[in-house]
Structure formats: C-alpha cells, structure tokens
Amino acid sequence: KATVSVLNCKRAPPFRRQRSQYTPPRGASGCAGTQGRAPGSGAAMGSRVGKAPMGKHQSTVAPDHDTRARHGSGGGGDGGYVQFGKGRAAASVVLDFDCTISQTHVWFALRKSGNGGVSPDRIPRDLSVEQVFGGRERRAQLEGVFSFLTAHGVQLVILTNNYKEVVDKCIACVGWEKYLPDVIGRERPGTKGQIVAALRESLGAGGGQWVFVDDDQSNVASVEAANRGNVKTIYVDGGVGMTDKHLRDLLASCFPDGAPPGAPCVT
C-alpha cells in the first residue's frame, strides 16, 4: 500500500510561501534521546512525571486579558495570537510536537531538505504520514487519548520550536484539528517556560491542572523553573515520540483522582 505524503496530503491546506528562514540551534542534529541522553543533561533519559522544586520565578511573556497568549505574528490568520481557554477546564495540557506527538523530527527533515536553510515550504516530498506519526496502531492510540481528554474538558495546545504552518499541515493530514486546534510555533518570542507561564496567568484558576509534555529536558527544566512547581511535567524519552507509558502518565496527570469511566486502555 502506497504511503501518504504530508506534502501532498489532500486533507491539509496548501502552504503559503514565506521568505524568512531560520537557523536551527547550534549543535542540534536530531531528536533528544537518540544518543541515549537528554541535551544538556548528564543523566540517562527516562519518563518522569513530577513537580519542580520551588525556585526563582523567571520573567514571563505578558498575557492579554482576553485569555489569548501572544506567540508572534507568523502563520495563520489569528494576528499572532492563539485562542486558548474558554471557560473552566478540567486540565490544560501543553504538548511539544517533534518527537513528542510525532515519531520523527520534522524540523530536521526541513533542515535536511533545505541544505541547512530551513523554510516551512521545504517539507520533503517523500515525508510520509507514517514517518511522522507512526503506524496505524500508534495513531489510533494517540487519537483515542486526545479524543477522551477533550471530551472530558481537557484543553490541549501544541507549543513547538517548529513552524506553526508545518505542524498545522501535519495535524490536518490525520484529522486531529478538532483535538489540537491551537499551535504556538517558533514565530513567537520567549522560552517555553515563559510561554506556559503566560498561558497560566491569562487563564488563572480556569486552566485547572497544568501539564507540560516535551522530549527535550532543557524545555522541561525551563517550564519547571518559570512556573515554580505549578505545572506537572512529562519528559518523553526514547527519541520516537510518546509511547504507552507516556500516555498513561498523561492520563494520570490530568485526572489525579482517577480517570472518568471509558478511559482508553493504554497498554
């Protein structure tokens, strides 16, 4: 059976060409975890759910009063904002994309196809949906969890160092826009820790329990430091995206007193 190319996926909107190009961080070469250790960490990787110790609060991106968090002016027709939070949520989950939701690092696929210069319209023609998200079983597992979470009042947002436009296209290829309508991309200013803090401040108590999921330990540390232990973090080890153990951690973090009936069986 022929694979479906992300570039030619009929379900996804076409790219709008952009002139600006970005240079990937110095020394970056692939998913965190492909070498068995997290970047900047001397410890071997492993799944971790917990709270950060109390520490000095870092500066945050100033939130708007109408529960919109600024993330720059790139991509989309939202004027540089993402609408996140309408009413009270059972929990709020901020997810990385590359090597967290996806199984491969789409950003580095863009970098490779662009000979070092990265642009959102340079997605490789041979990059398939299967390469990005894994096989049918993994995609069904992820969709089952996302569907259950959103059905029970959990709001999801993607916070990525990739382009918003690229991630939007990948998500559209598998029809997950209804679960993941908000994507904050690399066009926005600030660290992930600062952006999560801004989202939390803009929503106040309405955000419920906050959870952050990422495959880069430096991002996890940034969120823990900037949010002073008020966000549960899940570190995605292995370099191939969330697996069943990370999904179990996610469900447990969103529903610490036990998941509602009908929770997906993640084995």
Side-chain angles (χ1 to χ4, degrees), residues 3-16 18 31 69 71-72 74-78 80-86 92-110 113 118-151 154-188 192 195 199 211-216 219 234 236 240-243 246-247 250 264:
T3 58
V4 178
S5 168
V6 170
L7 183 64
N8 299 318
C9 176
K10 294 181 180 180
R11 300 180 66 171
F15 280 114
R16 299 179 301 279
Q18 297 183 9
C31 297
H71 67 95
D78 59 3
Y81 290 85
V82 57
Q83 190 70 34
F84 185 60
K86 298 178 180 179
S92 301
V93 178
V94 181
L95 296 145
D96 177 43
F97 181 74
D98 285 322
C99 293
T100 298
I101 294 175
S102 74
Q103 274 199 326
T104 190
H105 209 304
V106 177
W107 167 259
F108 289 108
L110 293 175
S113 66
V118 184
S119 176
D121 57 3
R122 289 184 176 177
I123 194 164
R125 293 187 178 277
D126 60 350
L127 183 67
S128 69
V129 171
E130 289 78 7
Q131 285 177 295
V132 174
F133 294 107
R136 184 176 301 175
E137 182 177 351
R138 181 178 186 269
R139 298 200 304 273
Q141 189 179 55
L142 286 176
E143 183 166 3
V145 171
F146 294 155
S147 174
F148 179 81
L149 290 175
T150 55
V154 177
Q155 55 187 1
L156 309 175
V157 65
I158 295 175
L159 176 57
T160 176
N161 287 327
N162 205 326
Y163 290 101
K164 167 180 166 58
E165 191 172 1
V166 171
V167 174
D168 279 339
K169 187 171 183 71
C170 291
I171 292 298
C173 280
V174 287
W176 292 351
E177 308 98 312
K178 54 185 173 291
Y179 312 124
L180 300 160
D182 294 321
V183 177
I184 304 175
R186 68 179 293 107
E187 298 86 353
R188 85 287 181 266
K192 288 194 175 184
I195 293 168
L199 290 170
V211 184
F212 177 75
V213 188
D214 202 294
D215 72 304
D216 188 329
N219 290 330
I234 300 176
V236 179
V240 291
M242 289 188 290
T243 63
H246 306 115
L247 294 173
L250 177 57

What heavy-atom pair brings [X] and [Y] nearest, and what distance separates the two atoms?
X    : Y    : result
G144 : P264 : O-CG, 4.0 Å
K178 : G175 : NZ-O, 2.9 Å
F133 : S102 : CD2-CA, 4.5 Å
F97  : C170 : CZ-CB, 3.7 Å

Straight-line distance of [X] [atom1] to [Y] [atom2], nearest 0.5 Å:
X    : Y    : atom1 : atom2 : answer
F108 : C99  : CZ    : SG    : 8.5 Å
L180 : L95  : CG    : CG    : 7.0 Å
F148 : L247 : CZ    : CG    : 13.0 Å

**Asked** Which of parallel (below 30°), tilted (30 to 60°) and perpendicular (above 60°) describes F146 and W176?
**Response**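 Correct class here is perpendicular.
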Is [X] reaching over with its side chain to a backbone N or O of [Y], donor-acceptor style, under 3.5 angstrom?
X    : Y    : value
R139 : G134 : yes
R138 : E130 : no
T104 : V106 : no

Quick one: does [X]'s side chain get under 4.5 Å of [Y]'s, heavy atoms only?
X    : Y    : answer
L159 : R188 : yes
L199 : I184 : yes
D98  : D215 : no
I158 : I171 : yes
N161 : N219 : yes
M242 : I101 : yes

**Asked** Who pairs with T150 by side chain to side chain contact (heavy atoms under 4.5 Å, CB included), at least two apart in sequence or on another chain?
**Response**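 T150: side chain to side chain contact (heavy atoms under 4.5 Å, CB included) contacts with L156, Y179.
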**Message:** Checking D96 now: which residues fulfil side-chain hydrogen bond (donor to acceptor under 3.5 Å, both in side chains) with it, not counting sequence neighbours?
**Reply:**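 Per chain and number, D96 pairs via side-chain hydrogen bond (donor to acceptor under 3.5 Å, both in side chains) with T100, K192.
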